[in-house]
Number of protein chains: 2
Amino acid sequence: MTRTDGIRVAGSTVILTLRPSALGTPALALPLVRRTREPFADRWALPGGWIAPDESPIDTAARTLAETTGLTPSYLEQLYAFGAVDRSPTRVISIVYWALLRQDEVLAQSAAHRASGRAPENVEWFDVDALPELAFDHADIIEYALWRLRSKVGYSRVAHGFLPSEFTLADLREAYEAILGRQLDPANFRRQVEATGNLIPTDRFRTGSHRPARLYRDNTDVELAARGPLGPEETSIR
Amino acid sequence: MTRTDGIRVAGSTVILTLRPSALGTPALALPLVRRTREPFADRWALPGGWIAPDESPIDTAARTLAETTGLTPSYLEQLYAFGAVDRSPTRVISIVYWALLRQDEVLAQSAAHRASGRAPENVEWFDVDALPELAFDHADIIEYALWRLRSKVGYSRVAHGFLPSEFTLADLREAYEAILGRQLDPANFRRQVEATGNLIPTDRFRTGSHRPARLYRDNTDVELAARGPLGPEETSIR
DNA sequence: TCAAAAGTGTTGTCCTTACACCCATGC
DNA sequence: GCATGGGTGTAAGGACAACACTTTTGA
């Protein structure tokens, strides 16, 4: 009755960050991996791998994320288990996670890779609105991850996962604007985020342009998003 | 490179309905199955089974739901993929769904089972606040499903999944109250659900107690819950 | 001095809540 | 009649959007 049913289980992750665009405003971007084998050889795909026998799905996600980017995510949550029979030539169920990376860490890591000349092979970053053709159902998966991010930004603090430890309210507002794809009123935005009580003002300011802007820190006592009754081993938040 | 890694994939479903309680108000209830083998022999567990090689996870959920209850759900959505290494003595990843059944269909089916004397074996219904000891991590899973239901009732129409095709506003309000565990103001509730435009008033009334109450139908053009970009094959709604 | 972003104030609209009140039926 | 739930009216309070306005810097 123990069935060897030939279903293999993979883990993949939609890894999102913000990076400066041509206009100076940040834009959503993600790393993809060029496949070296069939099926879909040479196509771009989400980072991922097989779930090892002694590995929880979230650990597979964190492991392949580190292999791809060298980084630890600021937010990591299960997105969905994709298991349609025809989504791959062989039967594969993919447990997909989505992750956020802080933009400063991505930039520092890219600089380190350039300096050392030892960047991960076959990894490239793409703006989410200029994606290449993707393997399997990965285009649908990314679309769903973006939908989830855009939904969740409205009722949680996931946008903070993109920012460094100290940031201005303009930084935070630009992150929201990049995610939502529309402008927000700076005055109202300020009051709304201040009212949450999750921002700690520092006595430091960012100068350089016009009137100096106060720097804030996150209140790390509060999670970026409510997880419900799932324990911390099932969602990982730094 | 094709790994036979020994991970088996199961599908389980948290099947919820409302049934009249001692006080006359409806209460959330779900069917459990008594296990006949180790591990956890004789313990109660969620209905489920192995995902067949040619079967999508949602089809496993729908199939085992039908085997357990003889019914088709009014709402069926993926809950979460549980895959912690130690959640079972052998390595099992469970892709769990949650489903809603209309209370009238459950009552009719129970009556049919009693009449024919051929009810499904080892299946029993429990109120969600009086659950027995459960196998595996199924208690956590049910808790998470209830959290999801309670969250989702606030921004979608999932509560309608419990009701028959025609219902009064009091029926609908009692469903909300049973899910949320608190009383709602009938006057304000009426205005809120009428404002959504998702209710179609009929010209029929329910008599029998005091002033007759108008019967409403659902606007079936509108889904019970927004699914985002996931296609209809990934969530199933009747 | 000027442009531009930081930050504050003010107002109107919409939504929610609380609760008073009337309506229609069974008993 | 009267108890009870069905159904309407209304006013207070809060959240939110729009936008005028002041402050503070670099150039």
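Every value quoted in this text rests on a predicted model; they were computed, and no experiment measured them. Per chain, numbering begins at 1; letters A, B, ... match sequence-line order.
Atom CG of A:Leu32 is separated from atom CH2 of A:Trp125 by 9.5 Å, given to the nearest 0.5 angstrom.
One interatomic measurement links the two molecules: CD of A:Glu174 to C1' of C:dA6, which rounds to 13 Å at whole-angstrom precision. Spacing between atom NE2 of A:His210 and atom P of C:dA4 amounts to 7 Å, rounded to whole angstrom units. Distance A:Arg214 CZ to C:dT8 C1': 14 Å, rounded to the nearest Å.
For DNA chain D, the residues of residues 175-202 of chain A within the heavy-atom distance limit of 4.0 Å (strictly under) are A:Asp185, A:Ala187, A:Asn188, A:Arg191, A:Gln192, sorted by number.
You'll find the ring centres of B:Tyr216 and B:Phe167 outside the 6.0 Å limit.
Position along DNA chain D of the nearest nucleotide to B:Ala213 versus A:Ser209 favours B:Ala213 as the more 5'-ward residue.
In this structure, B:Asp203 does not pair ionically with B:Arg214, as no charged nitrogen and carboxylate oxygen lie closer than 4.0 Å. Salt bridge present: B:Lys152 and B:Glu77 bring a charged side-chain N and a carboxylate O closer than 4.0 Å.
Classification of the A:Tyr144-A:Trp147 ring pair by plane angle, with boundaries at 30° and 60°, yields parallel.
Side-chain atoms of A:Arg211 stay outside donor-acceptor range of the base of C:dA5, with no qualifying N/O pair under 3.5 Å.
Nucleic acid contact class of B:Arg206 (heavy atoms, under 4.0 Å, all strands): none.
Side chain of A:Ser56 to backbone of A:Ile58: no donor-acceptor contact under 3.5 angstrom is found.
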